[in-house]
Amino acid sequence: MDKQQTEFDIIVYGASGFTGRLVAEYLSQEYAGDKNLRWAMAGRSPEKLAAVRDEIGAPADIPLVVADTQDPASIAAMVKRTRVVLTTVGPYQLYGAELVAACAANGTDYVDLCGEPAWMRQMIDAHAATAEKSGARIVFSCGFDSIPFDLGVYFLQQEAQKQLGGPLPRIKARVRKMKGTFSGGTAASLKATMVAAKKNPEILQLLNNHFALTPGFTGAPQPPASKPEYDEALGTWAAPFIMAAINTRNVHRSNALLGHAYGEDFVYDEMLLTGPGDKGKAIAEGVAADRSLSSDSAPKPGEGPSKEERENGFYDVLFIGEKDGKTLMASVSGKKDPGYGSTSRMIAESAICLVRDATDTAGGIWTTAPAMGDKLIKRLVEHAGLTFKLES
């Protein structure tokens, strides 16, 4: 497929859903004056798509594309019309396989918000060779999982090369602050994964493997980061971080795809800081015991926070690495709540980055750091409200 000759640059698939609608709203506002960005909204119902287009104030001439994962012909037709499919239709293990297969076969780029490592590994095994051949760049996890973490490690390792002449063998990611809610899609993905793991022990093995996304490579033993601990260096308690199960896997895949630029024995973990003293300890224990995301009270797909809640959200992640007795630190922070407001911007910019900046990235199944690296960092800082900075 000649990507230059397609009708669209980006099709937002799932544009009438909660997150897809935010992506469409962001594109219509942030790129309102950009006549060179050709994009469309896609989903099952043309009526719903038209209603969302009007509600978000998008131009009336934004095209609407009807496609349904239950109808493979409609999916195949959609991917042939665009350079990139941006999909927010999850859980991806239930609704994503046909779309990945079609993109890989047709040489169409693909970005999603997937946090389902077992399914991602299945897609790597099934479609990586096809994508490499067709030129399709398939990039999973282009939202809060796992962009701030994957690019945060990449950013700090780039600095280590400059300052210390080599990579940091160990990096700790510590979420210092976070205000926002997890999406209904995240809860649905977690539940679908648990159901799949009960049926298939191989999936459970993958979920417990830090190197699930690096077929043929297993690195050094990794910290479990599965119970509260006191961080002496930071003087604060830390709790297990729920996104670590996907983020750590993506970071190790990035390292492998970068030719093990962080070293073959690279060690990485993530935790959530909860504060000092007895109060910090109690919060850490409460976080560790929390199962609300997998309970019946978890948000449902399509549900999400109000505009005010999204606007008032934020996150701030610290990355700490040591080499030869020297410590390097960097932080990645974002405006708006992580699961929706910031995520919708990150995935939109990832799609645009593939179209406009990362044009020399070859076909294959990628993570964000090796696929887009500095180009995506620049775009996220300029457009999406993220900050990447070194800390002393």
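Because the structure is a prediction, the values reported are computed rather than measured.
- Taking every heavy atom of both residues into account, Ile365 and Leu257 meet most closely at O-CD1, 4.0 Å.
- Residues Ser28 and Pro59 approach most closely at CB-CD, 4.3 Å, considering heavy atoms.
- Scored by the salt bridge (Lys or Arg N to Asp or Glu O under 4.0 Å) test, Asp54 finds no partners at all (sequence neighbours excluded).
- You'll find the side chain of Thr108 reaches within 4.5 Å of the side chain of Thr82, heavy atoms only.
- Taking every heavy atom of both residues into account, Arg121 and Leu213 meet most closely at N-CD2, 3.8 Å.
- For Glu202, the CD atom sits in a loose shell: 12 or fewer heavy atoms of surrounding residues, nucleotides or ligands are nearer than 6.0 Å.
- The existence of a salt bridge linking Lys172 and Asp231 is confirmed by a sub-4.0 Å separation between a basic side-chain nitrogen and an acidic carboxylate oxygen.
- Val66 pairs by the side-chain contact (heavy atoms from CB on, under 4.5 Å) definition with Pro46, not counting sequence neighbours.
- Under the 4.0 Å criterion applied to side-chain N and carboxylate O atoms, Asp109 and Arg137 are assigned as salt-bridge partners.
- The minimum heavy-atom distance linking Ser350 with Met372 is given by the pair O-SD, 3.5 Å.
- Using bins of under 30°, 30° to 60° and over 60° for the plane-to-plane angle, the ring pair Tyr262/Phe266 lands in the perpendicular bin.
- At a cut-off of 3.5 Å, with distance as the only test, no side-chain donor of Ser333 or Asp316 sits close to an acceptor on the other residue.
- Ser306 and Glu308 share no side-chain donor-acceptor pair at under 3.5 Å.
- Remark: the Tyr26 side chain and the Glu349 side chain contain an N/O donor-acceptor pair separated by less than 3.5 Å.
- Listed here is the closest heavy atom pair of Arg53 and Ala60: NH1-O, 3.1 Å.
- Closest approach of Val65 to Ala40, counting heavy atoms only: CG2-CB, 4.1 Å.
- Residues meeting the side-chain contact (heavy atoms from CB on, under 4.5 Å) test with Lys323, sequence neighbours left out: Leu164, Leu168, Pro169.
- Taking OH of Tyr95 as the start and CG of Asp112 as the end, the distance is 15.5 Å to the nearest 0.5 Å.
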Tell me, with the steps shown, if Met329 and Leu318 meet side-chain contact (heavy atoms from CB on, under 4.5 Å).
CA-CA 7 Å; Met329 295 194 291; Leu318 178 67; 4.2 Å; yes

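- Residues Tyr315 and Ser342 bring a donor and an acceptor atom of their side chains to less than 3.5 Å of each other.
- Here the CG-OG1 distance, from Asp150 to Thr368, works out to 3.5 Å after rounding to the nearest 0.5 Å.
- Atom CG of Asp9 sits about 12.0 Å away from atom OH of Tyr31, to the nearest 0.5 Å.
- Remark: side-chain polar atoms of Thr274 are paired, donor with acceptor, to backbone N or O of Gly280 under 3.5 angstrom.
- Distance CE/Met120 to CG/Asn250: 4.0 Å, rounded to 0.5 Å.
- Using a 4.5 Å cut-off on side-chain heavy atoms (C-beta onward), Phe140 and Met123 make contact.
- With Arg81 contributing its side chain and Phe8 its backbone, the two residues share no donor-acceptor pair below 3.5 Å.
- No donor-acceptor distance shorter than 3.5 angstrom exists from the side chain of Ser344 to the backbone of Thr19, with no hydrogens or angles considered.
- Between Phe211 and Phe217, the ring-plane angle classifies as perpendicular under the 30° and 60° cut-offs.
- Under a 3.5 Å cut-off, the side chain of Asn255 and the backbone N or O of Gly263 do form a donor-acceptor pair.
- For the residue pair Thr193 and Glu116, no side-chain donor N or O sits within less than 3.5 Å of a side-chain acceptor on the partner.
- The shortest distance between side-chain heavy atoms of Glu98 and Thr69 does not fall below 4.5 Å.
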